[in-house]
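For reference, the structure discussed in these notes is given below.
These numbers come from the heavy atoms of this one structure, side chains and all, not from hydrogens, waters or symmetry mates. Throughout, a chain's letter reflects where its sequence line sits, starting with A, and its residues are numbered from 1. Quick caveat: nothing in here was measured; it's all calculated off a predicted structure.
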There are 2 protein chains.
Amino acid sequence: MAGVTSTPTTGQEPLRGYAKGRLRREEILDTARALFGEVGYRSASLREIAARCGISHPGLLHHFPTKEALLEAVLVRRDAVSEERFGVIRARGTAALRALVEIVAANAAEPGEVELYCVLSAESTAPDHPAHRYFADRYTATRANLERSLREAAEDGDLRPGVDPAVHAPVVVAVMDGLQVQWLLDRDGPTPTDMPAALRAHLDTLLTHPL
Amino acid sequence: MAGVTSTPTTGQEPLRGYAKGRLRREEILDTARALFGEVGYRSASLREIAARCGISHPGLLHHFPTKEALLEAVLVRRDAVSEERFGVIRARGTAALRALVEIVAANAAEPGEVELYCVLSAESTAPDHPAHRYFADRYTATRANLERSLREAAEDGDLRPGVDPAVHAPVVVAVMDGLQVQWLLDRDGPTPTDMPAALRAHLDTLLTHPL
DNA sequence: CCTACCGATCGGTAGG
DNA sequence: CCTACCGATCGGTAGG
């Protein structure tokens, strides 16, 4: 009879072969991202991640051969998701800056993303950290993107005179990073840091007219 | 005869009693601060700190009963040193902002201080971290100080119209924090982040005339 | 300050 | 995917 098999089901037919493996990998990546964000890469244990997924830690190592491989997969997927979500926006000048504020507003709704980035970037300042290169390269790229947006704003006459894109691009990046630390520390308090509002106020000081 | 005792000396007479203990404590605090800055509190081991001091780890625990007590002592001393070095400056308005730029310039010469602050503040965003309260309180106080300086600048007519001290105080704090991350990541590269220059440029965008 | 030890936990492997 | 295990390391204690 249909539904009667030699192995019990839990309301859903078990996924076969690759599909099941892919789902499990996704579950592990989600869980690893969360724990890396909570306690950092070094202090996170494979056993804890595995337990949260309901498997043993050698079971986890079947999907990702080493802890470093797991970290790399988390970072790669982070980039893939960001690219998919925001890469479409190829806005120019102040429009790109407006998009930036929206990204920050979206991040405030997803603390896991902010925790991961904030905790790992600080941890990875150690030269021998496995994510050191990743973050060093990423900051270089982010600064370059922002410098371009500021230059375009200057061309459009939207930048206040005396504002040097090369000098202020790192400052804008710093504002975003620094606000995240403050928000993570006081987000459960009475007056959490308003990240998008603060970033917008900062950008407005660079522009000839408000965003 | 003078100099001939039952215990050998190493060119210096061994310190007696409290003096020796105080020196050892200072050495442990210096070493702990360095390792906490390198790998964070959680990943730093008492054995590694003790080894760098040339003692066993139970020897270290004789001076600081637990790992948390060691962390607290490191943070307390950090505050004491900061207070001693900069607490004297009770400058007003733009003079306080100028002092801030000088503090950042001094920090760039002492990477250990920056590492400790940067790594521990990110690690302590976890609600159950032993330094969580410390950093949450410290950010609140820093923001309040900066807001006051900005308000004074406004009273003196040095603040650009439309710049709200309550909004921009957290932004200035964010700039200092964020620049530290970037500097720690690229300080050994070809073009390290110029923290004091960037901070000064940022402050100048808030003021009616350059610092 | 030491040696010696405790139970717990770590990343990774063996073998199935 | 599992159990069982490896050597290494953790914070802290016992006892001196």
key: A/Pro58 vs A/Ser45, nearer the 5' end of DNA chain C by closest nucleotide   = A/Ser45
message = Has A/Thr125 got a side-chain atom pairing as donor or acceptor with A/Ser121's backbone, closer than 3.5 angstrom?
response = no
query = Within the structure shown, what part of the strands sits under 4.0 Å from A/Ser56 by heavy-atom distance: base, sugar-phosphate, or nothing?
reply = base
message = Between B/His129 and B/Phe135 (judged by ring centroids, cut-off 6.0 Å), do the two rings come close enough to count as a pair?
response = no
query = Got A/Gln180 and A/Glu115 here, is their nearest side-chain heavy-atom distance under 4.5 Å?
reply = no
query = Does the A/Lys67 side chain pair with the main chain of A/Leu61, one donor and one acceptor, at a distance under 3.5 Å?
reply = no
message = Short of 4.0 Å, heavy atom to strand atom, which residues of residues 59-73 of chain A count as contacting DNA chain D?
response = A/Gly59, A/His62, A/His63
Check ion pair A/Glu48-A/Arg52 (N to O, under 4.0 angstrom) = yes
Centroid-centroid distance, A/His202 to B/His168, less than 6.0 Å = no
message = Both A/His57 and B/Arg47 contact DNA chain D. Which one's nearest nucleotide lies toward the 5' end?
response = A/His57
key: Expected output: side-chain B/Asp177 to main-chain A/Asp177 donor-acceptor under 3.5 Å   = no
ask   = Can you give the dot-bracket line for DNA chain C, where a pair is Watson-Crick or G-U wobble with both atom distances under 3.5 Å, crossing pairs use [ ], and | marks a partner on another strand?
value = ||||||||||||||||
query = For the residue pair A/Tyr117 and A/Tyr139, does the interplanar ring angle fall in the parallel (under 30°), tilted (30 to 60°) or perpendicular (over 60°) class?
reply = tilted
remark   = Outer limits of DNA chain D sitting under 4.0 Å from a non-hydrogen atom of chain A, read 5' to 3', are D/dC1 to D/dC5
inquiry  = Take a 6.0 Å sphere around CZ of B/Arg92 and say whether it holds more than 12 heavy atoms from other residues, nucleotides or ligands.
reply    = yes
inquiry  = Base, sugar-phosphate or nothing for B/Ala50? Non-hydrogen atoms, less than 4.0 Å.
reply    = nothing
